[in-house]
Amino acid sequence: MMKNQEVHINALLDYERRRVERENQKPGHLTGIDCPICRNRGIVWVLDEKHITPVMKRCECMDRRAAASRIKKSGLTDALQGLTFQTYTACEKWQLDIKKAAIEYTRAPEGWFFIGGQVGCGKTHICTAILNELLKNKACVYMKWRDDVRDIKAKANDEAGSRLLERFKTASVLYIDDLFKGGITEADLNIAFEIINARYNSRSLLTIISTEKYINELIDLDEGIGSRIAQRSHGHQLEIGRDDRKNVRLRI
Ligand SMILES: [Zn+2]
C-alpha cells in the first residue's frame with residue numbers, strides 16, 4: 001500500500017471513530033430502564049473498520065426493556081410477579097406432582113393447562129409461575145376471573161368493554177385465575193363461552209385455567225365451555241382432591 005494511501009485511510013478511520021463516539025454520547029428517549037451503554041437510545045454505533053463505516057447495533061438493554069414491557073402489559077401485580085417455581089413450596093407428593101406437570105408444560109408449551117379442585121392448594125401460585133416463566137419470551141395476559149368479568153359486564157355497552165373482552169380473546173397466552181369464582185350468572189357463562197370459544201378456534205393460543213371446579217363439573221355447568229376446555233387441555237389436566245390429603249389426579 002502506498003504510504004499516502006495509508007495516511008488517508010487512517011484519517012478516515014479517525015474521523016469515523018470520532019463520529020461514532022459523538023453519536024454514542026447522544027442521549028435517547030427510552031424510559032423504564034436507565035442504560036449506561038446506549039444512554040437510552042436502544043442502539044449503539046460501532047465502527048466497521050474493514051469498510052470504514054459506522055454500523056448500528058441493537059443494545060443489550062432492549063431485551064430487558066421488552067421483558068419489562070411484557071410484564072407491565074400482562075396485568076400481573078408486583079405480588080403475583082413473586083409467584084414463581086422457586087417460591088412454590090413442594091414438600092408432599094401431590095405438590096411435587098403439580099410442580100412437575102407445570103414445569104413440563106412450561107418447557108414445551110402446547111395446548112392448554114388446567115388445574116381444578118381443592119381451594120387454597122396453590123393453584124394460583126403454580127399457574128402464575130407458568131405465566132412468569134412464559135413472559136420471558138411471550139406476551140401474556142393475566143385475567144382475575146371475578147374482577148375482570150365484573151369489569152366486562154360493567155362496560156358492556158361501551159368501547160372499553162369490548163376492548164377488554166378482545167384482549168382476553170386474542171392474547172397469545174392467557175391465564176384465567178379462578179374461573180367461575182363468585183357465583184355464575186347467564187351473563188358470566190356467555191362471556192366465558194365467548195373467550196373460551198375464540199381461543200379454542202385459534203389453535204396457537206395458549207390458555208391456562210385454574211378453578212375450584214373439576215372438568216366434569218364444568219361440562220355439567222355448560223357443555224360448550226367444559227368440553228372445549230377438556231379437549232384443549234388434554235395431556236395437561238390436573239385435578240386436586242377435595243380432602244386433606246389432596247391427592248392429585250394427573251390426566252396425561
Ligand atoms: Zn442500552
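Atoms within each ligand, like the ligands themselves, are counted from 1 in listed order. Just so you know, these numbers use all the heavy atoms, side chains as well, and skip hydrogens, waters and symmetry mates. Along the sequence shown, residues are numbered consecutively beginning with 1.
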* Flag side-chain contact, heavy atom, 4.5 Å: Thr207 against Tyr200 -> no

* Asked: Should the pair Arg242 and Tyr214 be classed as cation-pi, given the thresholds of under 6.0 Å to the six-membered ring centre and 45° from the axis?
  -> yes

* Report yes if the side chains of Ile215 and Ser233 come closer than 4.5 Å at any heavy-atom pair, otherwise no. => yes

* Between Thr128 and Tyr142, do the side chains contain an N or O donor and an N or O acceptor separated by less than 3.5 Å? -> no

* Using a cut-off of 2.8 Å, count how many protein N, O or S atoms are strictly closer to the Zn ion (ligand 1). => 4

* Donor-acceptor contact below 3.5 Å, side chain Ser202 vs main chain Ser204 -> no

* Within residues 182-204 or reaching into it, pairs that qualify as salt bridge (charged side-chain N to carboxylate O under 4.0 Å, His left out) - sequence neighbours excluded -> Lys153-Asp188, Lys169-Glu194

